[in-house]
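Following: one structure in structure tokens, then a few remarks.
Just so you know, these numbers use all the heavy atoms, side chains as well, and skip hydrogens, waters and symmetry mates. What you see is a predicted model, and the numbers here were worked out from it, not measured in a lab.
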Amino acid sequence: PDDATTFNNLGDAYDGLQQTSLAEQCFRRAIALNPRLAQPHFHLAALKFRQGHIREAAKHIDEAVRLAPEWKEVRDLRYRITACFSSGTN
């Protein structure tokens, strides 16, 4: 399939199964297909944050906030990521 939403959903399913490599591939494919879709940026940011890759997480969460500023979970994750920079954990 060449649908960004499908790849995002597939990535979310893989992430739920702790198949993070496959999840990341799907989120990146979704972003390549539709960079204006906030969900894969959010999911990739969350995955990278959990892996401790704070700078990459910040890049994707900033894009998700830009695309969907009303989405509470996006703003909450951005706050958590920003707190890592404030505490020196990056």
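No more than 12 heavy atoms of other residues, nucleotides or ligands lie within 6.0 Å of OH in Tyr14, so this atom counts as exposed by the packing criterion. Other residues, nucleotides and ligands contribute over 12 non-hydrogen atoms within 6.0 Å of the CD atom of Glu70.
Residues meeting the side-chain hydrogen bond (donor to acceptor under 3.5 Å, both in side chains) test with Asp76, sequence neighbours left out: Lys72. Residues satisfying the side-chain hydrogen bond (donor to acceptor under 3.5 Å, both in side chains) criterion with Arg50, sequence neighbours excluded, are Asp15. Every residue two or more places apart in sequence or in another chain was checked for a side-chain hydrogen bond (donor to acceptor under 3.5 Å, both in side chains) with Arg80, and none qualifies. With sequence neighbours excluded, the residues satisfying side-chain hydrogen bond (donor to acceptor under 3.5 Å, both in side chains) with Glu63 are Arg66.
At a threshold of 4.5 Å between side-chain heavy atoms, the hydrophobic network of Ile, Leu, Val, Met, Phe, Trp and Tyr places Trp71 and Leu47 in two separate groups.
With side-chain heavy atoms closer than 4.5 Å counting as contact, directly or through intermediates, Leu67 stands alone and belongs to no larger hydrophobic cluster. Cluster partners of Tyr79 are absent, since no Ile, Leu, Val, Met, Phe, Trp or Tyr has side-chain heavy atoms less than 4.5 Å from it.
Of the listed residues (His41, His53, Lys48, His43), just one forms a side-chain hydrogen bond (donor to acceptor under 3.5 Å, both in side chains) with His60, and that residue is His41. Of the candidates Thr82, Ile81, Val74, Thr82 is the only one forming a side-chain contact (heavy atoms from CB on, under 4.5 Å) with Arg78.
The line from CG of Leu37 to OG1 of Thr5 is 5.0 Å long, rounded to the nearest 0.5 Å. The structure places CZ of Phe27 at 9.0 Å from CG of Leu10, a figure rounded to the nearest 0.5 Å. Taking CD1 from Ile31 and CZ from Arg36, the interatomic distance works out to 13.5 Å, rounded to the nearest 0.5 Å. Here the CD atom belonging to Glu24 is positioned 6.5 Å from the OG atom belonging to Ser21, to the nearest 0.5 angstrom.
Here the shortest heavy-atom pairing between Ala30 and Ala4 reads CB-O, 3.3 Å. Across Ala38 and Ala64, no two heavy atoms sit closer than the pair O-CB, 3.9 Å.
Side-chain contact between Arg55 and Phe85 is present, with at least one heavy-atom pair separated by less than 4.5 Å.
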